[in-house]
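Just so you know, these numbers come straight off a predicted model, no measurement behind them.
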Amino acid sequence: MKQLIKYFNYSLITIFAICIILAVYGLITNKSASIPASWLIIPAGAYICFFIAKKLNQLESIHMTVCEYRRISACMCILLFTAQLITAIFADFTPINDLSHVCTGAKNIILGNDISQNLPDYQPDYFEIYPNNHMLFILIYLLYKIEFVFTGNMSDFLPTAINLIGLNVSYILLCRCAEMTHKPPKAFVCAVRGMLFTPLITYTSFFYTDSMAMPLVMISAYLYLKYKKSEKISILIMCSAFIGIAYKMKGSSLVLLIAIIIEMALNNPKIKDFFAVILPCFISVKIISETALKMLHISHETIKEKAFPLIHWIMMSADGKGGYNRDDFLFTHSLCGNEKVSADFERLTQKLSNQGFFGFLIHIVDKIAYTWENCAFMAGYYYNESFSSGIFYITTFFCHFTLLFSIFMGIKKCKDKTFLFRLCLFGLIIFLLIWETRCRYLVSFFPLFLLI
């Protein structure tokens, strides 16, 4: 087991170091026009971040009791919540893109209008195409409905409030998971990293799947750690159920389930444990899916006919930077039923053939850089350009380097307590190499990575 973890650490640190190097490269090439001598300034800043990160990790040697850690982390939670509250109050946010479509659909149903009213002309069947946003729809619909019943209006106050609470709960759970995994000094280092994770503040008003999935992922991880200590099957069942909810909120959450199964498999579990970690997840997914279809008045036949197949996102991400491609969307949208799978597979094959081996390698380099280079996690794009300032980039790169250093120390010490979190980091990196990618797709998992 220890030897396996050691080899895994070597693989992970190599892949993650490559991600950071390519992120620095992407930042240089994108900022070269706006930052004089960026080929010197940005690498130097990266080195300084790494040096400070190394010093931060030396705090692991300080003396701190559990009670002291709990008092300090409680104060940090209050401080973070205050900053989140101030940001949410003064943020000027209007839902855009997919979030706008989900909000519009929820309002239409509450007002008794056709669900496609005010949706874009090219996406009148948005909810049939994207069942991956059904969980978010259910949540926003319920929040809008509550406000509408009591006030006769529908605003973004309740979704923003729930999102803010979810982000703060995520940090609280980060602190609790750190206490369960590490000694108090190391847990304190994890808590400090969490305070520097900018989306906990910059995403307070952006109540989309990335931030909404974060507390669900963290609750699932926390319950699994509780299960490891107590070995109570009921806790594992709850963990699995929450993973199912998280998956319906953000599909990448399934990485956590796979990581748990792998870790359990390495510890010779009983067959009932595998059932307990898989079946409740499947049941949660099924219940949410059926509930959403009834609320949206969509039949299974319609979903089968119009929903995009999984291979669409693999095909769409197989060239360029690996992000959203409107031409690929329109291509799949123009097809019907089972035609989508075969046509998307043929288009994927054609893309790979056109690129060739070296062209595909260049695509992978561009895709990694695109995923990791925007250290503001696109917060500026969504509602506040000041969130794209240099301070957010520096802070996040600092988090990246503390994470890299922690993985490096894990190689030396052969730690296995954070194996689950390292599996999640490795899994998400691989997932985003295969799937459509954007930097914000890292957000829901990042608090787990800060526990490494």
Side-chain angles (χ1 to χ4, degrees), residues 8-35 37-47 49-50 53 210 252 255 311-329 344 347-378 380-381 388 390 392-394 396-401 403-405 407-408 422-443 445-446 449:
F8 173 76
N9 277 337
Y10 279 119
S11 301
L12 177 58
I13 197 170
T14 301
I15 293 172
F16 188 58
I18 290 172
C19 290
I20 294 179
I21 291 169
L22 292 178
V24 173
Y25 167 77
L27 192 59
I28 290 170
T29 54
N30 288 334
K31 296 288 185 180
S32 57
S34 58
I35 302 177
S38 60
W39 282 96
L40 293 174
I41 295 172
I42 293 176
Y47 174 78
C49 283
F50 181 75
D210 310 286
S252 58
V255 168
I311 196 172
H312 164 79
W313 283 274
I314 299 173
M315 175 273 290
M316 186 166 64
S317 73
D319 58 359
K321 292 184 177 180
Y324 175 80
N325 186 308
R326 182 176 171 83
D327 290 337
D328 288 331
F329 163 79
D344 280 351
R347 191 176 176 94
L348 169 63
T349 304
Q350 189 63 47
K351 283 186 176 186
L352 298 177
S353 176
N354 291 343
Q355 291 177 104
F357 178 74
F358 291 105
F360 181 71
L361 286 182
I362 293 171
H363 155 66
I364 291 296
V365 167
D366 289 340
K367 193 171 185 179
I368 293 173
Y370 179 65
T371 303
W372 292 89
E373 71 186 13
N374 189 322
C375 294
F377 296 99
M378 299 180 73
Y381 168 77
S388 292
F392 290 97
Y393 279 81
I394 293 169
T396 301
F397 262 112
F398 176 72
C399 286
H400 288 169
F401 283 115
L403 177 53
L404 182 65
F405 192 75
I407 299 170
F408 175 73
R422 282 175 275 146
L423 276 173
C424 288
L425 175 57
F426 181 82
L428 194 63
I429 290 173
I430 300 302
F431 175 78
L432 293 178
L433 283 179
I434 300 171
W435 206 255
E436 177 202 353
T437 189
R438 278 190 174 184
C439 59
R440 65 177 177 81
Y441 296 171
L442 299 166
V443 168
F445 265 92
F446 222 90
F449 304 156

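Every residue meeting the side-chain hydrogen bond (donor to acceptor under 3.5 Å, both in side chains) condition with Arg440, not counting sequence neighbours, appears here in chain and number order: Asp210, Tyr382. With sequence neighbours excluded, no residue satisfies salt bridge (Lys or Arg N to Asp or Glu O under 4.0 Å) with Asp366.
Residues Leu432 and Thr437 come closest through the heavy atom pair O-CB, 3.7 Å. For the pair Leu433 and Ile364, the tightest heavy-atom approach, listed with the atom from each and the gap, is CD2-CG2, 4.1 Å. When all heavy atoms of Ser317 and Ile434 are compared, the pair lying nearest together is OG-O, 2.8 Å. Nearest heavy atoms, Ala369 versus Gly26: CB-CA, 4.3 Å. In plain terms, the two heavy atoms of Phe16 and His400 that are nearest each other are CE2-O, 3.5 Å. Contact record, Lys367 with Gly322: CE-CA, 4.0 Å, taken as the closest heavy-atom pair.
The salt bridge (Lys or Arg N to Asp or Glu O under 4.0 Å) contacts involving residues 311-323 comprise Asp319-Lys351, where partners must be two or more places apart or lie in separate chains.
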* Report the C-alpha distance between Leu403 and Ile20 in whole Å, list the side-chain angles of each, state the deciding distance to 0.1 Å, and finish with yes or no for side-chain contact (heavy atoms from CB on, under 4.5 Å). => CA-CA 11 Å; Leu403 177 53; Ile20 294 179; over 6 Å; no
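Separating the CZ atom in Phe426 from the CG atom in Leu423 is a distance of 8.5 Å, to the nearest 0.5 Å. To the nearest 0.5 Å, atom CD1 of residue Ile13 and atom CG of residue Leu404 are 5.0 Å apart. Trp313 contributes atom CH2, which lies 11.0 Å from atom OH of Tyr324 (distance to the nearest 0.5 angstrom). For the atom pair NE2 of His312 and CG of Leu348, the computed distance is 12.0 Å after rounding to the nearest 0.5 Å. Rounding to the nearest 0.5 Å places CD1 of Ile407 at 4.0 Å from CG of Leu12. Summarising the geometry, atom CG belonging to Leu352 is positioned 12.5 Å from atom CZ belonging to Arg347; distances are rounded to the nearest 0.5 Å.
Residues Trp372 and Tyr25 place their aromatic rings such that the two centres sit no closer than 6.0 Å.
Classified by interplanar angle (parallel below 30°, tilted 30° to 60°, perpendicular above 60°), the ring pair Phe449/Phe446 is perpendicular.
At least one donor-acceptor pair closer than 3.5 Å links the side chain of Gln355 to the backbone N or O of Ala318.
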